[in-house]
Protein chains: 2
Amino acid sequence: MNPAPTPPSRLDLPESSRGVLRRLATHGPATRPQLAKVLGLSRPTMSAVMPELMDLELVSSGGSSRGATGRSAVLYSLAAGAGHVLGVEVGATRARVVAHSLDGEQIAAREERISARRRNITDAAVSTTMELCEKVLAEVGDGHGPLRDVVVAAPTKPSTKPTAVSTSGLQPDGVEQLAAALPVPDDVPVIVENNVNCAAIAEHRLGAAQNQDTFVYLQVGVKIGLGIVVGGKLMHGAHGASGEVAMMPFPWSPGEEPARAGLEEYLGSEALMARCAEVWTSGNGPVPKDAEALFQAAARGQSTARRLVDQHATDIGRLAVGVMSVLDPGLVVLGGGVGQNQLLLPGVRRATTALAWDTEITVGALGEHATVLGAVHIAITRALDRLT
Amino acid sequence: MNPAPTPPSRLDLPESSRGVLRRLATHGPATRPQLAKVLGLSRPTMSAVMPELMDLELVSSGGSSRGATGRSAVLYSLAAGAGHVLGVEVGATRARVVAHSLDGEQIAAREERISARRRNITDAAVSTTMELCEKVLAEVGDGHGPLRDVVVAAPTKPSTKPTAVSTSGLQPDGVEQLAAALPVPDDVPVIVENNVNCAAIAEHRLGAAQNQDTFVYLQVGVKIGLGIVVGGKLMHGAHGASGEVAMMPFPWSPGEEPARAGLEEYLGSEALMARCAEVWTSGNGPVPKDAEALFQAAARGQSTARRLVDQHATDIGRLAVGVMSVLDPGLVVLGGGVGQNQLLLPGVRRATTALAWDTEITVGALGEHATVLGAVHIAITRALDRLT
DNA sequence: ATTCTGTGTTCGGTAGATTAACAAACTCAG
DNA sequence: CTGAGTTTGTTAATCTACCGAACACAGAAT
């Protein structure tokens, strides 16, 4: 009859209990007075809340922390039984599955390479991922409470929006099927999130963007992509296609016609290596096999390699300017196989300051683990939102 | 001692009263049962709330609305004494000042042209604006409650963020000084907001974007700019410079070096008219004086004009693609002296579908009034936020 | 006039928090 | 070892903001 004032939630807890639970999950163990102060609650309220949460086995009391004077306070932390969460990364060359508890502690982790004959998600990748998933869940056992959420990171559009826009070269169906077929109970929510978005969240929570609530994660590798965090939350766009910077008009000048996804064709690492092969002279030794090798040559001071890397840095810097001129992020974090490389940084910065205003630019702090970690943290956030 | 659980607000009202007040302001008059249903409140609660709000002179009871059967219900609406708000637009060629009540009804309005010798805000513009402001306030009188907020729309960065970034050609100080010197009581909050952002908000509340919570307002005129609305709220960016698309790298291709603000130099209406003068042949009659005239010639079917307009539409479409590929807005609203023109639409759409995915593109519904109206609506929102 | 149906009020009750007062635990100084 | 000083936790009384149920009120149709 009456629309619920608070959205329906599994647990029916008062606001104060939710606050305490969330705080313990996001900021680790704390005493009652600490919690009371930070949440603006009174001691009697804490006296009601803590037993309630302990009865539900969501919180456990650990040691005690005593100050210089006065009675010592007992420490509370999230109980093991509060539950756990899965982060799954499935890409063209690798699959990873990680389990964390709701307070962000890792419980189990597995990964495996996938033979990379194709550039998209194959059936082999899917079955490998399912196996990893089973192994991780077995390792978790049942001492860690219920599995509360699963997030699959894949080079696809996020699954939240129903409308499908086909811009990337992958079969979205494959990943959606994987999400549906994962060996988890039916009542566990599973979503697919874009891998770049996941990496952005990871850098926000654990990495290079911890102090920036509004920033951008620019992934540069075989493909290019962008994750946008505004006010601590991911931007998805109307079709889940925000950050598809591969579609930026390029080449773009009075005399030239842009090509569809022309920017990716030019900035992707394959194009970089093609240009490399073209200008490489025999006196320089063997042509670098991959971007990794090219950057190593540049680091050794090899001049052709240096020139290629500098040019690439400038190009990425211009892409960054394109993004900055729309969003004005406080920070640009570079990631991905190529973007990760420290050698790029000066060139990128030079290009951005030349064309726009000063904005902090860094390399991601989490390397190739950013994506899974981001998936797991999105899962934690979702679980907590549902719980509180 | 204890941090306030709710942020400090002038009025100390219960949640339910705030809800009622807000609802009446944003959705116009309503009866108690209607309010109760939509806000999820009970009749006894309404019985407590309405007298409280009437005592504060925030709400007044008007006529009565009777259904087909049963007792007729009393209609309530925002009281005149609830207050009013000012929207001020100051540009290079025109100043406008508008007063609205908190429910969005216009109370008074004035505007004046400014001799446009310069491209920025002159002292003359400032004093003209102050005079308009005084006249409007005099016309409002004191039958409309307190002045609660003022928003100044100007082609500058918004004033909310302290960090200054100098990208546009204006003196930000001039506008800030205007804001500080406006003939309003000292305790009335005054902010400066970017004019394009204001226009975006106006199209969202009253115009072409009413059904889209996430969209983009692309202004194309003498200068180009972008207003970004995400989840119903303006995006400002870390330095208030979001939407500065004039800084996009252009020209941008393997062979060319982008110039600082090169895109504005190419897409601004002055550049358009320069190209026009260049290709115009004497057999076509006199060279069009301004963009307006050029578009009229195109509308008449004049082929050189048509070609120029088509090319311009394509160029704007590519800019739109650049924006879409970052944000994936559900809708792009075109505004500004040039962008407003219906003739552009097909060409813009052609360019976007060629390079990206299908996204709705429209022309703004509010014309040149968008900016002031947006300012006034931002002011209303701020006043309401402070009040509730 | 009576009945039916919505509108508004009165009364009593509940959930969730608070302040105030008190009891318990810990440190340190004599 | 004892007691002062300090902090933690509990208990009791109260307050605020809401709800449900019952009732009184007003208009339209029988």
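Side chains are part of it too, since the values below use all heavy atoms of this structure and drop only hydrogens, waters and symmetry mates. Each chain gets a letter, A, B and so on, in the order the sequences are listed, and its residues count up from 1. Model, not experiment: these values are computed from the prediction.
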May I ask you to check whether over 12 heavy atoms, not counting those of [X], lie within 6.0 Å of atom [atom1]?
| X | atom1 | value |
| --- | --- | --- |
| A:Glu139 | CD | yes |
| B:Arg22 | CZ | yes |
| A:Asp55 | CG | yes |

Those residues of residues 20-28 of chain A lying under 4.0 Å from DNA chain C by at least one heavy atom:
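The stretch gives none, as no residue of it lies under 4.0 Å from the strand.
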
Which of residues 51-65 of chain B have a heavy atom under 4.0 Å from DNA chain C?
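Under 4.0 Å from DNA chain C: no residue of residues 51-65 of chain B.
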
Between [atom2] of [N] and [atom1] of [X], the distance in whole Å:
| X | N | atom1 | atom2 | value |
| --- | --- | --- | --- | --- |
| B:Gln34 | C:dG8 | CD | P | 10 Å |
| B:Lys37 | C:dG6 | NZ | P | 10 Å |
| B:Leu13 | D:dT16 | CG | C1' | 14 Å |
| A:Met46 | C:dG16 | CE | P | 16 Å |
| B:Met50 | C:dT7 | CE | P | 14 Å |
| B:Leu41 | C:dT7 | CG | C1' | 16 Å |

Please pick, from [options], the nucleotide with the shortest atom-to-atom distance to any side-chain atom of [X].
| X | options | result |
| --- | --- | --- |
| B:Pro44 | C:dA17, D:dG9, C:dT10 | C:dT10 |
| B:Ser47 | C:dA17, D:dC18, C:dT9 | C:dT9 |
| B:Thr45 | D:dA12, D:dC19, C:dG8 | D:dC19 |

Using side-chain contact (heavy atoms from CB on, under 4.5 Å) as the criterion, point out the one residue from A:Leu39, A:Thr45, A:Val38 that pairs with A:Val20.
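In the set A:Leu39, A:Thr45, A:Val38, the residue that makes a side-chain contact (heavy atoms from CB on, under 4.5 Å) with A:Val20 is A:Leu39.
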
Please identify each residue that fulfils side chain to side chain contact (heavy atoms under 4.5 Å, CB included) with A:Pro189, with sequence neighbours left out.
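A:Pro189 satisfies side chain to side chain contact (heavy atoms under 4.5 Å, CB included) with A:Asp149, A:Arg382, A:Arg386 once adjacent residues are dropped.
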
Any residue meeting side chain to side chain contact (heavy atoms under 4.5 Å, CB included) with A:Pro33, in chain and number order, not counting sequence neighbours
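With neighbours one apart ignored, the set is A:Thr31, A:Ala73.
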
Phosphate OP1/OP2 of [N] contacted by [X] side-chain N/O (<4.0 Å):
| X | N | answer |
| --- | --- | --- |
| B:Arg43 | D:dC18 | no |
| B:Ser16 | D:dC18 | yes |
| A:Ser42 | C:dT18 | yes |
| A:Arg32 | D:dT7 | no |

Minimum side-chain heavy-atom gap A:Leu13-A:Leu53 below 4.5 Å:
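Yes, their side chains come closer than 4.5 Å.
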
Measuring only between side-chain heavy atoms, which start at C-beta, is B:Asn197 closer than 4.5 Å to B:His236?
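Heavy-atom side-chain distance check passes, below 4.5 Å.
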
About how many Å separate CG of A:Leu102 and NE2 of A:His84, when rounded to the nearest 0.5 Å?
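Nearest 0.5 Å value for the NE2-CG distance: 9.5 Å.
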
Among all residues two or more places apart in sequence or in another chain, which pass the side chain to side chain donor-acceptor pair (under 3.5 Å) test with A:Arg205?
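Applying side chain to side chain donor-acceptor pair (under 3.5 Å) to A:Arg205 gives A:Thr381.
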
Modelled atom types, side-chain donor and acceptor of B:His144 and B:Glu105, under 3.5 Å:
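No, no side-chain donor-acceptor pair sits under 3.5 Å.
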
Answer with yes or no whether the side chains of A:His27 and A:Gln34 bring together a donor and an acceptor at under 3.5 Å.
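Note: A:Gln34 and A:His27 side chains miss the donor-acceptor criterion.
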
Heavy atoms under 4.0 Å is the rule here; annotate nucleotides 23-30 of chain C 5' to 3' with B where the base is hit, S where only the sugar-phosphate is, and - elsewhere.
-BBBS---

